[in-house]
Number of protein chains: 2
Amino acid sequence: MARPRKPLLSRERIVAAALALVDAEGLQAVSTRRLAAELGVSGPSLYNHFATKDDILDAAADTVIDRVDLSVFDDGTPWADALAAWARSYRAALAAHPHIVPFLAQGPGRRPAGLRQADAVFGAMVGAGWPPAHATRIGATMRYFVAGSALGSFARGFVDDPDAYDPRDYPHLGQAHLLAEHRRQVDDGAFDTGLRALIDGLGLLYAEVVAGA
Amino acid sequence: MARPRKPLLSRERIVAAALALVDAEGLQAVSTRRLAAELGVSGPSLYNHFATKDDILDAAADTVIDRVDLSVFDDGTPWADALAAWARSYRAALAAHPHIVPFLAQGPGRRPAGLRQADAVFGAMVGAGWPPAHATRIGATMRYFVAGSALGSFARGFVDDPDAYDPRDYPHLGQAHLLAEHRRQVDDGAFDTGLRALIDGLGLLYAEVVAGA
DNA sequence: ACCTGAACACCGTTCAAGT
DNA sequence: ACCTGAACACCGTTCAAGT
């Protein structure tokens with residue numbers, strides 16, 4: 001049919017279809033031909049709107065990050081509570097699209113939402129009295145923890161096959177295979193415990209660096 | 001030449017060559033044909049020793065994790081110091097092979113070293129008096145943080161092209177493009193700050209959960 | 001400007017054939 | 001048992017051709 005009078009595709013439609021496909025069938029289901037088929041066009045058509053396949057996935061990942069709630073950094077919430085609320089919103093945004101997390105992990109790429117996030121955290125921490133160098137590190141630290149927990153949690157977990165390991169090799173993990181079942185609870189618990197420890201630890205540092213001196 | 005009298009390949013040789021190739025040229029340089037060429041054989045030969053390409057990369061990743069020093073969990077080091085030493089050794093092991101980190105992030109797969117690690121941490125924390133549920137969470141929390149920081153640090157960082165973002169979009173990150181340059185320092189600082197906060201926060205929790213009650 | 005089919009240079013993996 | 005070349009069913013991407 002060659003060129004239609006009204007474009008069949010748009011960046012928005014492509015990104016939405018890519019994210020839907022990732023959600024439904026996982027990252028490896030996304031090939032340019034498959035994605036194009038999903039959109040009712042042929043493979044090369046996508047290259048009229050994006051330079052590469054990775055750019056498409058970057059844009060999809062950006063829409064995920066863009067749903068993270070940053071309003072707590074702007075509404076007078078105390079810094080420690082704001083960090084905790086942000087971390088929970090961040091985790092929830094990733095949990096809503098677990099299959100794209102491993103792609104996100106491959107590097108920030110060209111994703112403006114990540115920068116907006118870094119900017120909001122940095123501004124709020126400096127506003128709360130943290131020295132700029134600390135503000136940068138705090139934002140990064142929280143990202144590390146949330147990203148790491150998302151990977152550990154949502155990326156497929158421990159081997160489900162109990163025969164995969166001999167309990168004698170892991171004296172303390174006698175029922176380790178149960179972890180596959182109870183994984184979600186372990187992960188949620190670890191996230192809560194770690195988040196609390198991080199925030200409390202930063203509170204101690206704040207007393208020393210900002211309130212003290 | 002068909003079958004040689006002495007095998008040309010072994011799992012060890014394949015894994016070593018795979019890790020060397022990942023280190024030298026990155027994950028995407030590893031194709032079965034390329035890896036086989038590096039070993040002086042043809043592509044399909046690898047399938048006599050591994051079922052899939054991912055199994056090869058899993059084995060390579062396992063050798064990386066296997067270099068993490070777990071001795072601090074067995075030599076009477078106080079639990080908090082042991083956790084910190086382990087985290088630093090873990091980070092150092094990943095930093096030595098930065099290009100394999102994104103693969104590691106795709107899930108634990110079949111990597112016994114990861115289980116040995118979880119077992120050692122769990123055993124030491126329980127030995128220090130932590131309730132088992134907490135011991136599990138602490139191990140996971142630390143893994144989240146180290147893995148997240150490795151991804152944030154070693155996976156290629158912020159966009160290096162200053163034109164990629166308009167400073168007006170990120171009011172607090174005026175010289176954000178400098179982050180590319182100073183990234184290593186920021187990452188190391190964030191790791192130190194985060195690790196300290198985590199350990200200190202866990203210390204508070206310990207006082208409440210174990211020492212108190 | 002935006003879509004198409006054909007084509008290029010790859011992939012991971014299977015398999016029959018060789019020793 | 002362990003290697004080979006040929007083959008299958010794919011890839012991401014380019015490009016000339018069509019409107």
Side-chain angles (χ1 to χ4, degrees), chain A residues 1-22 24-61 99-100 102-104 106-107 109-110 156, chain B residues 1-22 24-61 99-100 102-104 106-107 109-110 156:
Chain A
M1 56 188 66
R3 172 162 117 97
R5 33 178 64 200
K6 185 112 205 287
L8 296 174
L9 294 177
S10 67
R11 288 177 63 95
E12 289 70 28
R13 276 196 70 220
I14 294 170
V15 168
L19 189 54
L21 187 52
V22 169
E25 303 188 33
L27 262 184
Q28 88 265 53
V30 184
S31 71
T32 54
R33 289 168 227 258
R34 174 70 196 282
L35 176 56
E38 217 74 35
L39 288 158
V41 298
S42 81
S45 303
L46 302 173
Y47 291 87
N48 285 297
H49 303 269
F50 287 94
T52 67
K53 175 188 158 180
D54 270 14
D55 281 353
I56 297 174
L57 287 172
D58 265 327
H99 287 134
I100 211 169
F103 178 81
L104 264 164
Q106 261 147 254
R110 310 197 150 267
R156 56 132 203 269
Chain B
M1 56 188 67
R3 172 161 116 96
R5 34 179 62 199
K6 185 120 207 278
L8 296 173
L9 294 178
S10 68
R11 288 175 64 93
E12 290 69 28
R13 277 197 70 218
I14 293 170
V15 168
L19 188 54
L21 187 52
V22 169
E25 303 188 32
L27 262 182
Q28 87 264 54
V30 184
S31 71
T32 53
R33 289 168 225 259
R34 174 68 197 281
L35 176 56
E38 217 74 36
L39 288 158
V41 298
S42 82
S45 304
L46 301 173
Y47 291 87
N48 285 297
H49 303 270
F50 287 94
T52 67
K53 174 187 159 180
D54 270 14
D55 281 353
I56 298 174
L57 288 172
D58 266 327
H99 287 134
I100 212 170
F103 179 81
L104 264 164
Q106 261 147 252
R110 312 197 150 266
R156 56 128 205 270

Atom CZ of Arg34(A) and atom P of dA9(D) are separated, to the nearest Å, by 18 Å

Assign Ser31(B) to base, sugar-phosphate, or nothing according to its heavy-atom contacts below 4.0 angstrom with the strands shown. sugar-phosphate

Minimum-distance nucleotide to Arg33(A) side chain [options: dC2(D), dC11(D), dT4(D)]: dC11(D)

May I have the distance from Leu39(A) (atom CG) to dC3(C) (atom P), rounded to whole angstrom? 10 Å

Expressed as a whole number of angstroms, how long is the span from Ile56(A):CD1 to dT13(D):P? 8 Å

In whole Å, I'd like the distance from the CD1 atom of Ile14(B) to the P atom of dG12(C). 14 Å

Between Lys53(A) (NZ) and dC11(C) (C1'), how many Å, whole number? 12 Å

Is there a donor-acceptor pair under 3.5 Å between the side chain of His99(B) and the backbone N or O of Val22(B)? yes

Atom CG in Leu39(B), atom CG in Leu46(B): separation rounded to 0.5 Å? 7.0 Å

Complement of dC15(D), any strand, by Watson-Crick or G-U distances under 3.5 angstrom: dG5(C)

In whole angstrom, what separates Phe50(A)'s CZ from dC3(C)'s P? 13 Å

Looking only at dC3(C), dG12(C), dC3(D), the nucleotide nearest the Leu9(A) side chain is dC3(C)

Could you tell me the separation between the NZ atom of Lys6(A) and the P atom of dC3(C), rounded to a whole number of Å? 11 Å

Heavy-atom nearest nucleotide on DNA chain D taken for Thr32(A) and for Ser10(B); more 5' hit belongs to Ser10(B)

Could you measure the distance from the CG atom of Leu19(A) to the CD1 atom of Ile14(A)? Nearest 0.5 Å is fine. 14.0 Å

Looking at dG5(D), dC2(D), dG12(C), which one has an atom nearest to any side-chain atom of His49(B)? dC2(D)

Residue Tyr47(B), side-chain atoms from C-beta onward, closest of dG12(C), dT4(D), dG12(D): dG12(C)

State the CD1-CG distance between Ile100(B) and Leu57(B), to the nearest 0.5 angstrom. 6.0 Å

For Leu8(A) and dT4(C), what is the distance between atoms CG and C1' respectively, to the nearest whole Å? 11 Å

Just compare dG5(C), dG12(D), dC3(D) and give me whichever is closest to any side-chain atom of Ser45(B). dC3(D)

Between Arg11(A) (side chain only) and Ala59(A) (backbone N and O only), is there a donor and an acceptor less than 3.5 Å apart? no

Quick note, Asn48(A) side chain, CB onward, closest among dT14(D), dG12(C), dC3(C) is dC3(C)

Does a side-chain N or O of Ser42(A) approach OP1 or OP2 of dC3(C) to a distance below 4.0 Å, or not? no

